[in-house]
Amino acid sequence: MQRNKEKKSMEKMGESNQCKRKLRVCVATCNRADYSKLAPIMSGIKSHPEDFELEVVVLGSHLIDDYGNTFRMIEQDDFDIGSKLHTIVRGEDEAAMVESVGLALVKLPDVIQRLKPDILVVHGDRFDALALATAAALMNIRILHLEGGEVSGTIDDSIRHAISKLAHYHACCTRMAEQHLIAMCEDHSRILLAGCPSYDKLLLSHHREDYMDIIKSWLDDKVQEGDYIVALQHPVTTNIQHSIKIYGLMLDALISFNKKTLILFPNIDAGSKEMVRVMRRKGIEQHPNFRAVKHIPFEQFIQLVSHAGCMIGNSSCGVREAGAFGTPVINLGTRQTGRETGENVLHVRDADTHNKIYHALELQFGKRYPCSKIYGDGNAVPRILKFLRSIDLDEPLQKTFCFPPVKDPISQDIDHILETQSALAVDLGGTNLRVAIVCMRGTIVKKYSQPNPKTFEARMELILKMCNDAMRDAVGLNCRILGVGVSTGGRVNPQDGVVLHSTKLIQEWSSVDLRTPISDALHLPVWVDNDGNCAALAERKFGHGKGVENFVTVITGTGIGGGIIHHNELVHGSTFCAAELGHIMVSLEGPECMCGSRGCIEAYASGMALQREAKKLHDEDLLKVEGMDMKLSEPITAAHLISAAKMGNSKADAVLTKAATALGVGIINILHIVNPSQVILSGVLASYYQAPVQHVISQRALFSVQNIKVVTSDLEEPALLGAASMVLDYATRRIY
């Protein structure tokens, strides 16, 4: 019996050790481009030896001298290369690509049998990667495919989707790529929306102090930041002659533009040999304005791209990584057709002379754009490692597909989409500075609040700190931050993200560029607007204005403000002064307003106006009535006036009636000018004003608008929700 117990105990320990055994991960890299995406993952795997065993296989153009023998940088990064496979058949034409795939398929089985990996990590859309995925699938090795589901030009599209069909697991970069994989019937539970792994490295190393040393080492000592061009153009294998023509025109335009240019040799695809011949016929390698190189280490390439005056060509780096820095990009030809891009990309699809490309250089060179995180937020590797740990090797190896119902739309993942796509909302109030993570459905996932500092410098420092804290928390909350929306008092130019004139409640807050410092610090697009306009946007997306084409939101709080939605769009006006609803004059000789005029709605109906009248009554001992609870030390507010009126104080009731009438008359003016179909009252006084304002409209307005409904807002945080809606409405449709 004792022996049986010991035997069972040993069996259990064996089972436990088997469950906890390390995952043997083979990472195969074919060229300098895919290594920049795979290296961060390899580093992450290597840093967790308790969970993983890393095997590295190198093949393709890594081992060719003409392309820089880039396998050496893998060794310099301190990775042990388990196998080097010479798989490229030279020729740089279509037949050579096919022969290279065949040669790889001949050599790979021996390597896979020797390494016996649990999972093979394959990147992208190259023909070498197709050979890797084919060999692994036929040898019953699980495959994790990076960057599947994306769309671009050339044969790469077909290869990428073919690899996705062979792969068992997917780590994609964008929400759209995830949706494409789902549409391709891939199992949603095996798809990870991770972001691009290269962003983990580039966002960390973007602000290197030695960037000027790097720029000068690749160009020359006289080159200044932002005064040079990075050029990288590859063949388009489905239209080689056209891509060679565009390449020649690009070189002509760059010669004419007369700026220092760092140009990289094209990749090994069919047509590259002809492109190199074009470059040499034009004397690019000897031209004083050009430096032609075969390879640049990724960390240094990041610095060169981020500080360039412009990037030109058809490399995916232009539409992906360059957007993280706001570097202007000119994308030539059709190689990246269908890619999601930021606003920094200007497309030149075709050209017959170099003039069109030259004009694009004139438009783009030297500009800076808001930083974009369409392809990642710098946290891809932790997500991928967590995903790898979750893989159950006891699951059946046979891949299954999730075919949608024939008649029903694919909607099973909508909750996940609404939960994860999120915005950072910032509300700059006179008293408090608030930041919130807001998801697509309008739920405030987490909120932060601090007293608003009095000086500009302290305020900006606190905004950035609170936003950074929120972004760190967002990763743990499974929220992907798409951008930052800022709601602030005063007159705002939303096109430039500049506060032109602030309210008196926020000091040192005029002629302030909010977009640039926040975007530069967080690498996110930033939207800024007036708090009244933000309240209207919040109602349009989450409140009573949802589905209403024309409506007006009126904020009734400390002041009176609001926003106008006309034909589903926010009205800003020629000088961004539209919807200053609190300063509609309803009397020529009314009380003085904070704007300096008289008779404004705000001078009658705002919380400050009611507080002023309440203090007058209190000073004359006309406010308090029997049964009214008032402490001597308690400051007099509008709430005391409303309470007194409800308890029968005729003086207080007269003040409130006048205020409601003034507000109602002002809203009637809006109805007669804009003719909205609905009025939404927001703010702390909304519930009190709703019925009286509706009565004034029914009595005094033109017959055609007397039946327009006045409703009170159900939104608790209109400023934060409105700031978030700017991001959620615009960032999710940024596709060019």
Side-chain angles (χ1 to χ4, degrees), residues 415 418-419 421-452 463 466-467 469-470 473-474 477 479 481 484-489 503 505-506 527-548 551-563 565 570 579 581-582 605-608 610 637-639 642 663 678-691 693 709-729:
D415 288 337
L418 293 175
E419 286 168 1
Q421 281 194 321
S422 306
L424 277 191
V426 180
D427 176 30
L428 280 154
T431 306
N432 291 319
L433 171 58
R434 302 185 303 153
V435 173
I437 303 170
V438 182
C439 72
M440 184 67 78
R441 68 175 79 228
T443 302
I444 295 178
V445 180
K446 191 166 184 178
K447 186 163 59 177
Y448 312 76
S449 182
Q450 293 284 344
N452 197 345
I463 290 172
M466 292 174 72
C467 287
D469 291 345
D473 292 345
L477 294 167
C479 293
I481 302 299
V484 182
V486 182
S487 167
T488 180
T503 63
L505 295 174
I506 310 178
W527 287 265
V528 186
D529 213 329
N530 165 268
D531 51 7
N533 288 335
C534 285
L537 292 174
E539 294 295 340
R540 184 181 71 175
K541 188 165 185 68
F542 304 115
H544 290 300
K546 198 170 185 178
V548 180
F551 69 90
V552 172
T553 297
V554 181
I555 303 175
T556 58
T558 305
I560 300 288
I565 300 293
L570 190 62
L581 308 182
S606 68
M608 291 179 68
L610 297 183
T637 65
I642 294 171
L663 180 61
Q678 184 175 255
V679 176
I680 303 169
L681 296 183
S682 181
V684 293
L685 298 171
S687 59
Y688 175 78
Y689 279 136
Q690 187 268 333
V693 167
K709 292 294 182 186
V710 179
V711 297
T712 56
S713 174
D714 294 331
L715 303 179
E716 293 184 6
E717 297 284 2
L720 287 172
L721 292 177
S725 76
M726 291 190 287
V727 178
L728 300 174
D729 279 344

Looking only at heavy atoms, which two atoms of [X] and [Y] are closest? And how far apart?
X: P718; Y: S682; answer: CG-OG, 3.7 Å
X: M466; Y: V435; answer: CB-CG2, 3.8 Å
X: A436; Y: I444; answer: CB-CG2, 3.9 Å
X: A536; Y: F551; answer: O-CZ, 3.5 Å
X: S606; Y: T558; answer: CB-O, 3.3 Å
X: S487; Y: A723; answer: N-CB, 4.0 Å

Check D531, V486, V528 against L428 for a side chain to side chain contact (heavy atoms under 4.5 Å, CB included) and give me the one that passes.
->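 The residue from D531, V486, V528 that satisfies side chain to side chain contact (heavy atoms under 4.5 Å, CB included) with L428 turns out to be V486.
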
Among L715, L681, T553, I680, side chain to side chain contact (heavy atoms under 4.5 Å, CB included) partner for H544 |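 Testing each of L715, L681, T553, I680 against H544, the sole residue satisfying side chain to side chain contact (heavy atoms under 4.5 Å, CB included) is I680.
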
Might you work through the side-chain contact (heavy atoms from CB on, under 4.5 Å) test for V438 and V445, ending with a clear yes or no?
-> CA-CA 6 Å; V438 182; V445 180; over 6 Å; no

Between [atom1] on residue [X] and [atom2] on residue [Y], distance to nearest 0.5 Å:
X: E539; Y: C534; atom1: CD; atom2: SG; answer: 12.5 Å
X: T637; Y: M608; atom1: OG1; atom2: CE; answer: 13.0 Å
X: L570; Y: L537; atom1: CG; atom2: CG; answer: 5.0 Å
X: R434; Y: L720; atom1: CZ; atom2: CG; answer: 4.0 Å
X: T556; Y: L581; atom1: OG1; atom2: CG; answer: 11.5 Å
X: Q690; Y: S713; atom1: CD; atom2: OG; answer: 12.5 Å

Does any non-hydrogen side-chain atom of [Y] lie less than 4.5 Å from one of [X]?
X: V679; Y: V693; value: no
X: L721; Y: K541; value: no
X: I437; Y: Y448; value: yes

Given the rule in the side-chain contact (heavy atoms from CB on, under 4.5 Å) test, do E717 and D427 qualify, once you have shown the distances and angles that lead to the verdict?
-> CA-CA 10 Å; E717 297 284 2; D427 176 30; 5.6 Å; no

Of all residues at least two apart in sequence or in a different chain, which pass the side chain to side chain contact (heavy atoms under 4.5 Å, CB included) check with A423?
->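 Result, side chain to side chain contact (heavy atoms under 4.5 Å, CB included) vs A423: A724, V727, L728.
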
Worked check of side-chain contact (heavy atoms from CB on, under 4.5 Å) between L685 and L610 | CA-CA 10 Å; L685 298 171; L610 297 183; 4.0 Å; yes

Take V554 and L663 through the test side-chain contact (heavy atoms from CB on, under 4.5 Å) and record every step on the way to the result.
-> CA-CA 10 Å; V554 181; L663 180 61; 4.3 Å; yes

For D529, check salt bridge (charged side-chain N to carboxylate O under 4.0 Å, His left out) against everything at least two apart and list the hits.
->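 Listed in chain order: nothing, the list is empty.
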
